[in-house]
Amino acid sequence: MIATWRKKRTEKRVTKRGFMKKTNMELVIPSQFTCPISLDLMKDPVTLSTGITYDRENIEKWINEGGNQTCPITNQELKSYGNGIVDPVLIPNHNIRKMIQQWCVENKEHGIDRIPTPRIPISSSDVSELLAKITNSSKLEMEKSSSCEELVTSVKNLASESDRNKCCFVTNGIGKVLSSAFLELSKGKNAKNASTEEVILSTLTLFLPLDVKSKTILGSISSLRSIAWFLKNGSLSSRRNAVVVLREIMKLEEQEKVEILLNIEGALEGLVKLVKEPICPNTTKASLLTIYYMVNNSSSQSSRSRFVDVGLVEMLIEILVNCDKSICEKALGVLDGILRYEEGVKRASSYALSVPVLVKKLLRVSDLATEFSVSILWKILCKNENNGDCGILVEALQVGAFQKLLVILQVGCSETTKEKASELLKLLNVHRDRAECVDSLDFKSLKRTF
C-alpha cells in the first residue's frame, strides 16, 4: 500500500514539473531514479560519502538550509573538515544520470522529456581563485579595461546558473571583492573603465543584500561619484543597477555619505528623474527609498532646500493620485520627511492637490500609509493655523478630513498617530460651522482593510 502511494505521488509530482504529460497508460518510474527525499525523478543525481544517491537540489537544501549533518537515509554523520564544517562535496553519479536520460528517451511516447545534462557547480577553490584574479586585475592599469571585465562577466554568468553557485560566491566574499574593484576603477577616467564598472554594478545586483563592509567601500567619494555618473548618463539598465546599489549604500543611514551624494552635481536630479520618468516599479521603489534615507539623514540647510527646489513635493503628491500600495507608502514616507523642513511645509501648503489627496489616502491604503498621511496633514494644518491661515482648514473639512480622523480614532492606531489625529480634530472642530462636512452616514458601509 505504501509503495502504491509513493508511486502515485511520484507520478503526480513528475507530471507537475513537466517531465511527464498525462497519458491513459500507467507508467512506473524505477525507484532508483527517484530522490529518496522528494520522491521526484532526479535531475542531477549526486552521491554522498555514505553511498546514498540524492538529487543535488534536495540534499543541498537538507544540508545548507536545514542545518543537518547526517545522511537522511542512513542517519550517519557526514564527513567534516577540521574546522567542523560539513563536507559540501557531492559526487555526481553519472551512471544513474545516463540511465535516467535513457529511460526518458525510451518513454518519449508517454510525454516524458529528456532531462538535460546538468552543469557542474563551481567549487569554493575555483571561486577563491577567480576572485583573486579580479582583485589583481582591477589594480593593474593595463588590465582594467579587458581582463577585469571578462572575469566579472564570468562571475555574473556562473552566479546566474544556479542558487548554489550564487551562495558559493557570497560565502567567499564576492561583495567586498566587487566593491573594491569598483572603487579602484572609479579612480580612473576613461570609457573602458566605465564599461567594466557597468558590468560590476550589474553583477552586484545579483548578490543583494550587500554586507556592511561592501556598502562602506561603495560609499567612498570616488565610488559615489561614479555611481552618480551612471544615474545621469547610463543606459536604462545601468541607471536601474546604479539606483539599486545606491539604495543599499544609503541603508547605512550615515549622514556623511548622504552629504557627499547631495554635493555631487546631478545626483539628486538623477534620482528624481527615475521617479518622474519611471523605468519599472522596482526602480521607482528603489529611487524613493534612496531619497527617503537621504531626506531623513540630512541636516544641513542647503540640503533641505534642494529637496524642495527639485520639485519633489509636487511630484510626490501627483504620484499619490494613482499608484500601488508599495509606491504609495514610500512616496508618503519621503513627503513626511521633507515636511519636517519649513520649506517643505510652505510648498505643500501652496499646492492645490495636497490636502484633497492626503485626505483621500486616509483609511484607503494601509496602516502605514494612514499614519504617514495623518503626520503630513498635521504638519500642514498646524503650521497654517499658527500663521493665522484658516482657509486650508476649511478645505480639509470640505473634503471630509474630520469624519475620517474620527474613524481612525475609533478603529485604532499608534499613540503618536492618535495624538496628532486628536489635535487635528480640535483644530478642525473650531471651523466646522464654516464648511459643509460629509455626513457621517457616508461611512456606514466603510470596510476596514486592517
Side-chain angles (χ1 to χ4, degrees), residues 130-160 169 173-208 210 213-250 252 257-280 282-284 286-287 290-291 294:
L130 183 55
L131 297 187
K133 289 180 179 179
I134 292 175
T135 300
N136 293 333
S137 63
S138 65
K139 294 179 179 179
L140 298 175
E141 190 71 32
M142 296 301 294
E143 296 184 13
K144 284 183 180 180
S145 61
S146 56
S147 179
C148 186
E149 183 173 348
E150 292 173 1
L151 291 168
V152 176
T153 301
S154 297
V155 170
K156 183 178 180 180
N157 294 335
L158 289 168
S160 300
F169 277 112
I174 184 65
K176 180 181 176 181
V177 171
L178 292 181
S179 300
S180 300
F182 188 88
L183 173 60
E184 289 293 330
L185 294 167
S186 66
K187 297 175 182 177
K189 303 292 181 182
N190 60 69
K192 292 182 178 180
N193 279 10
S195 175
T196 306
E197 288 177 284
E198 185 175 8
V199 176
I200 292 177
L201 283 179
S202 177
T203 306
L204 278 169
T205 60
L206 297 176
F207 300 102
L208 301 180
L210 299 176
K213 183 64 176 178
S214 300
K215 296 180 202 176
T216 303
I217 295 172
L218 289 169
S220 63
I221 297 177
S222 180
S223 294
L224 285 175
R225 283 176 179 168
S226 187
I227 294 173
W229 184 90
F230 283 106
L231 274 180
K232 297 181 292 180
N233 308 303
S235 61
L236 292 180
S237 60
S238 297
R239 291 166 61 199
R240 173 194 170 278
N241 294 331
V243 74
V244 168
V245 172
L246 198 57
R247 177 194 61 193
E248 292 293 303
I249 300 170
M250 291 299 107
L252 291 173
K257 288 179 172 49
V258 171
E259 298 301 336
I260 291 173
L261 186 61
L262 285 170
N263 289 326
I264 297 174
E265 184 180 355
L268 180 57
E269 288 76 9
L271 287 168
V272 172
K273 186 177 180 180
L274 285 174
V275 178
K276 189 175 182 180
E277 302 173 6
I279 297 174
C280 66
N282 288 336
T283 303
T284 302
S287 303
T290 302
I291 297 173
M294 294 170 68

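Nothing here was measured: the structure is a model prediction, and the numbers come from that model.
- Put simply, the side chain of Leu218 does not reach to within 4.5 Å of the side chain of Leu183, judged on heavy atoms.
- A salt bridge (charged side-chain N to carboxylate O under 4.0 Å, His left out) check over residues 238-249, counting only residues at least two apart or in different chains, returns the pairs Glu248-Lys251.
- Defined by atom type and a distance below 3.5 Å, a donor-acceptor pair is present between the side-chain atoms of Ser235 and Ser237.
- In terms of the salt bridge (Lys or Arg N to Asp or Glu O under 4.0 Å) criterion, Glu198 has no residue partners (sequence neighbours excluded).
- In this structure, the side chains of Leu246 and Leu261 come closer than 4.5 Å at one or more pairs of heavy atoms.
- Using modelled atom types, one finds a donor on one side chain and an acceptor on the other under 3.5 Å when comparing Ser223 with Ser220.
- Remark: Thr216 engages no residue in a side chain to side chain donor-acceptor pair (under 3.5 Å) (not counting sequence neighbours).
- For the residue pair Ser186 and Ser226, no side-chain donor N or O sits within less than 3.5 Å of a side-chain acceptor on the partner.
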Stepwise side chain to side chain contact (heavy atoms under 4.5 Å, CB included) test for Val243 and Ile227:
CA-CA 8 Å; Val243 74; Ile227 294 173; over 6 Å; no
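- More than 12 heavy atoms of other residues, nucleotides or ligands lie within 6.0 Å of CG in Leu262, so this atom counts as buried by the packing criterion.
- With sequence neighbours left out, the side chain to side chain donor-acceptor pair (under 3.5 Å) criterion links Ser214 to Asp211.
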Pairs under 3.5 angstrom only: tabulate donor-acceptor contacts from the side chains of residues 268-279 to other protein residues two or more places apart or in another chain.
from	atom 1	to	atom 2	distance (Å)
Glu269	OE1	Arg306	NH2	3.3
Glu269	OE2	Arg306	NH2	3.1

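- Legend: residues meeting side chain to side chain donor-acceptor pair (under 3.5 Å) with Ser160, ordered by chain and number and at least two apart, are absent.
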